[in-house]
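Quick note: numbers below take in every heavy atom, side chains included, and nothing from hydrogens, waters or symmetry partners. Lettering follows sequence order; numbering is per chain, from 1.
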There are 2 protein chains.
Amino acid sequence: MSQRNTGVTREEFVEEACPIVEVLDHVAGKWAIGIIVAAARGPVRFTELERTVNGISRRMLTLTLRKLERDGLLHRTVYPTVPPKVEYSLTDIARELHESLSSLVDWAERHRGTIAAARRSYDGAAAS
Amino acid sequence: MSQRNTGVTREEFVEEACPIVEVLDHVAGKWAIGIIVAAARGPVRFTELERTVNGISRRMLTLTLRKLERDGLLHRTVYPTVPPKVEYSLTDIARELHESLSSLVDWAERHRGTIAAARRSYDGAAAS
DNA sequence: CTGGATCCAATTTGATACTG
DNA sequence: CAGTATCAAATTGGATCCAG
């Protein structure tokens, strides 16, 4: 568990992880995960997302959608009907991402209680 | 792949994931991941983190450190020496988190190029 | 229905200076 | 060394109106 057991320095190790943070930031936006989770079940329409993703505003939905589309995580299909119909679906790499996300989601579910307790304990100690 | 194959609606499915987003948001902060990765290799000091975690400011380092400590992800050890020495180390659940994070990190590494290409393509199409 | 554009409020962050 | 305090700047988010 000590950093002295390997030939790679902590700096190199983190350096390696940094561009990832950049990529991850796109996914880590407040709404991106919700949208990916919602779209993971099948093509989904704009209004459907607006109702599904908790408290998102139309503006944020549009922005996040564009960001995910730009990064190649969402595929956008426009049906030239009237009124217009647009469906969003996950690309292959987004589907992969969704699987990786599951691991994180599991962790969050497993420790949600522990984390809440830690917070109460921390806040309680501060109030003493 | 269709949502019609299960008995759970998309709404229920997302509903289920939402409290997680709340938990995840703490981890998803711009700096939290970098700090967790840095601390995963062993106890690390404040100044060490300041140098290690790319472009973090002292203020953000302090705030993120406190947040992670409050959530029970970091353990803070103060050595009452002069000058003072403080070491941060991962708690058990944070070590678990770090493993889950690895899956995400792997994804980001695998598709970094693809994502960059998708962005260029998207931006290029817009400029046409 | 699907969004783009704009204005404004709230939040976040960085720079800097100071302290035990 | 390890922070805290403060102020200004930047970012983000919501509300609203308009349009194909």
Side-chain angles (χ1 to χ4, degrees), chain A residues 10 18 21-22 24-35 38-39 42-71 73-89 122-123 125-127, chain B residues 10 18 21-22 24-35 38-39 42-71 74-89 122-123 125-128:
Chain A
R10 195 197 308 279
C18 272
V21 175
E22 179 205 1
L24 249 43
D25 271 354
H26 287 257
V27 164
K30 188 172 184 181
W31 308 108
I33 294 178
I35 291 176
V44 60
R45 300 182 60 176
F46 187 89
T47 310
E48 208 174 347
L49 282 171
E50 200 174 1
R51 279 176 290 123
T52 302
V53 180
N54 179 290
I56 197 169
S57 67
R58 190 168 302 173
R59 174 189 157 84
M60 281 301 100
L61 179 56
T62 301
L63 289 181
T64 308
L65 247 23
R66 291 293 162 274
K67 192 172 69 174
L68 292 176
E69 190 193 352
R70 184 171 103 104
D71 285 352
L73 296 182
L74 280 185
H75 184 65
R76 180 166 176 268
T77 310
V78 181
Y79 298 92
T81 58
V82 38
K85 172 178 173 181
V86 179
E87 277 188 346
Y88 294 91
S89 53
Y122 185 95
D123 294 346
Chain B
R10 194 198 307 281
C18 272
V21 175
E22 178 205 4
L24 249 42
D25 271 354
H26 287 256
V27 165
K30 188 172 182 180
W31 307 108
I33 294 178
I35 291 176
V44 61
R45 301 182 58 176
F46 186 89
T47 311
E48 209 175 346
L49 282 171
E50 199 174 1
R51 278 177 291 124
T52 302
V53 181
N54 182 289
I56 196 169
S57 67
R58 188 167 305 175
R59 175 189 159 82
M60 278 303 101
L61 179 55
T62 300
L63 289 180
T64 308
L65 247 22
R66 293 290 165 276
K67 192 173 70 175
L68 293 175
E69 191 193 349
R70 183 169 106 104
D71 284 352
L74 279 185
H75 184 65
R76 181 166 176 266
T77 310
V78 181
Y79 298 93
T81 60
V82 39
K85 173 177 173 179
V86 179
E87 279 188 346
Y88 294 91
S89 54
Y122 185 94
D123 294 345
S128 66

Quickly work out the B/Arg66 CZ to C/dT13 C1' distance and round it to whole Å.
-> 17 Å

Of all heavy-atom pairs between B/Leu74 and B/Ala39, which one has the smallest distance, and what is that distance?
-> CD2-CB, 4.3 Å

Which pair of non-hydrogen atoms, one from A/Pro84 and one from A/Arg45, has the smallest distance, and what is that distance?
-> O-NH2, 3.7 Å

Mind listing the closest non-hydrogen atom pair of B/Ser89 and B/Pro43 along with its distance?
-> CB-CA, 4.3 Å

Looking at residues at least two apart in the chain, or sitting in another chain, which of them share a side-chain hydrogen bond (donor to acceptor under 3.5 Å, both in side chains) with A/Arg58?
-> A/Glu50

First and last nucleotide of DNA chain D in contact with chain B, 5' to 3', at under 4.0 Å to a heavy atom: what are they?
-> D/dC1 to D/dT6

Residue list, side chain to side chain contact (heavy atoms under 4.5 Å, CB included) with A/Arg76, at least two apart or on another chain | A/Arg66, A/Glu69, A/Val78, A/Val86, A/Tyr88

Can you list, by residue number, the residues of residues 58-65 of chain A that have a non-hydrogen atom closer than 4.0 angstrom to DNA chain D?
-> A/Arg59, A/Met60

Option among B/Leu49, B/Thr62, B/Leu61 that satisfies the side chain to side chain contact (heavy atoms under 4.5 Å, CB included) test with B/Ile56 = B/Leu61

Nucleic acid contacts of residues 75-89 of chain A, taken as heavy-atom distances under 4.0 Å to DNA chain D = A/Pro84

Partners meeting side chain to side chain contact (heavy atoms under 4.5 Å, CB included) with B/Val82 (sequence neighbours left out) | none

Decide yes or no on side-chain contact (heavy atoms from CB on, under 4.5 Å) for B/Leu63 and B/Trp31, but give the supporting numbers first.
-> CA-CA 10 Å; B/Leu63 289 180; B/Trp31 307 108; over 6 Å; no

Take A/Val44 and A/Glu87 through the side-chain contact (heavy atoms from CB on, under 4.5 Å) test and state the conclusion after the steps.
-> CA-CA 5 Å; A/Val44 60; A/Glu87 277 188 346; over 6 Å; no

Closest heavy-atom pair and its distance - A/Ala38, A/Thr52 = CB-CG2, 4.2 Å

